[in-house]
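Just below is one structure, and these are the notes that go with it.
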Amino acid sequence: MPELPEVETVVRDLRTRILNKTIIKLDILLPRIVKSKSFKKLILGNKFIDIERIGKLIVVGIKRAATNGAHANENNDYLLIHLKMTGQLVYQKGNKIIAGGHSEGNVRVTLPNRWTRVIFTFSDKSKLYFNDLRTFGYLRIVNSKELEIVKGKFGIEPLGIELTLNLLKEKIKPRKTSIKALLLNQQVIAGLGNIYVDEILFRAKVRPTRIANSLKTKEIENIYKAIKPILRQAIKARGTTFNNFVDANGKTGNFVSKLKIYGRAGKKCKKCGSKIKKIKVAGRGTHFCVVCQK
DNA sequence: CCTTGTGTTCTCCG
DNA sequence: CCGGAGAACACAAG
């Protein structure tokens, strides 16, 4: 379940590997994953020149090879990749399959596997695999104008300087939905998902069911103060692997052991020892401590 | 049946 | 009846 820290981990890994190499081969094993018509034509023979993240969306800049008549830098295209719930981007170089299993572990995966949907091959023969079990993820190519429209749909970038206490107050105060639903809303704040929202609300001592407009200033402050540290720690740990996430090396994240509330239903609260509850909020499995969160 | 990210559709309310 | 907010559904597979 890739959220901001997992997507950021993948983006950082790929940045040192896939840029400025000609894409010499493209295998589309499951066409409906690819949402653009002339996908192959827009990829083959070209290079990726930069990679960034907006919320949970990966944006890869494409530089067109200079051909007769075409100006290479004119109206560049961008490859958008969304991993949704079970998407993976795994990079492989040389004969060794880097992907597969945790560093502690056990499982070795051979790529491509039955969940491989798209394969990019670069001029140095290295490969980038897009794997997706449930196939909700997608790859799409947009031009710079379309990219701006896409960007406009995203809310506050939680790790950017635009996240201020006042802005967060503005976003939370008028809303009549649960604070959990609000924090999950990508148009409000971009990149949080089920795991990190539960963690943030636990740290902030706020129950996920609370209606946003009922939050006291102090509680909004607590949420504000929780967001960056939790995301930064998770990135440092290379993300959380609950079911499916692997980084670009095919390795699982290490943040699971640091989760204080998510996935700990029935276990003792690490702060007060009482039994952690699990309910459904905004259609999502939601964990909280009755004692610590008000 | 359960799991979840997000785009779409439905429903409610003023 | 319209618009907006929020909730519910659809998607897919293990």
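To find a chain, count down the sequence lines: A is the first, B the second, and so on, and within it residues start at 1.
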Nearest-Å distance for atom pair CG/C1', residues A/Leu183 and C/dG6 | 15 Å
Between B/dT3, C/dG14, B/dG5, spot the one nearest the side chain of A/Tyr262, thanks.
-> B/dT3
Integer-rounded Å distance: B/dG7 P and A/Tyr138 OH | 6 Å
CZ of A/Arg117 versus C1' of C/dC11: gap in Å, rounded?
-> 14 Å
Under 4.0 Å between a side-chain N/O of A/Arg175 and OP1 or OP2 of C/dG6, yes or no?
-> yes
Rounded to the nearest angstrom, tell me the gap between atom CG in A/Asp198 and atom P in B/dG5.
-> 10 Å
Is there a side-chain polar atom (N or O) of A/Lys153 under 4.0 Å from OP1 or OP2 of B/dG7?
-> no
Report the distance from atom CG of A/Leu192 to atom C1' of B/dT6, rounded to the nearest whole Å.
-> 15 Å
May I ask you to evaluate whether A/Thr177 reaches the phosphate of C/dA5, defined as a side-chain N or O under 4.0 Å from OP1 or OP2?
-> no
Roughly how far apart are A/Lys127 NZ and A/Thr121 OG1, rounded to 0.5 Å?
-> 3.0 Å
In A/Arg210, A/Lys205, A/Lys294, the residue satisfying side-chain hydrogen bond (donor to acceptor under 3.5 Å, both in side chains) with A/Glu219 is A/Arg210
With centres under 5.5 Å and planes under 30° as the test, does A/Phe136 stack with C/dC11?
-> yes
Would you kindly give the NZ-to-P distance between A/Lys84 and C/dA10, to the nearest whole Å?
-> 16 Å
Do A/Thr22 and A/Phe122 pass the side chain to side chain contact (heavy atoms under 4.5 Å, CB included) test, and can you show the C-alpha distance, the side-chain angles, and the key distance before you say yes or no?
-> CA-CA 6 Å; A/Thr22 302; A/Phe122 299 99; over 6 Å; no
So among A/Asn131, A/Asp27, A/Asp132, which one has a side-chain hydrogen bond (donor to acceptor under 3.5 Å, both in side chains) with A/Thr116?
-> A/Asn131
Take A/Tyr78 and A/Ile141, measure what side chain to side chain contact (heavy atoms under 4.5 Å, CB included) needs, and give me the verdict at the end.
-> CA-CA 5 Å; A/Tyr78 299 86; A/Ile141 294 175; over 6 Å; no
Among B/dG5, C/dG6, C/dA13, which nucleotide sits nearest the side chain of A/Leu133?
-> C/dA13
Is the phosphate of B/dG5, meaning OP1 or OP2, less than 4.0 Å from a side-chain N or O of A/His82?
-> no
Does a nitrogen or oxygen in the side chain of A/Lys278 sit under 4.0 Å from OP1 or OP2 of B/dT3?
-> yes
Check every strand shown and say whether A/Gly285 touches a base, only sugar-phosphate, or nothing at a heavy-atom separation below 4.0 Å.
-> sugar-phosphate
Measure the distance from CD on A/Gln186 to P on B/dT8 and round it to the nearest whole Å.
-> 15 Å
How long is the line joining CD of A/Gln187 and C1' of B/dT8, in whole Å?
-> 12 Å
Between A/Arg114 and C/dG14, does any side-chain N or O lie under 4.0 Å from OP1 or OP2?
-> yes
Residue closer to the 5' end of DNA chain C, A/Pro174 versus A/Arg284 (nearest nucleotide) = A/Pro174
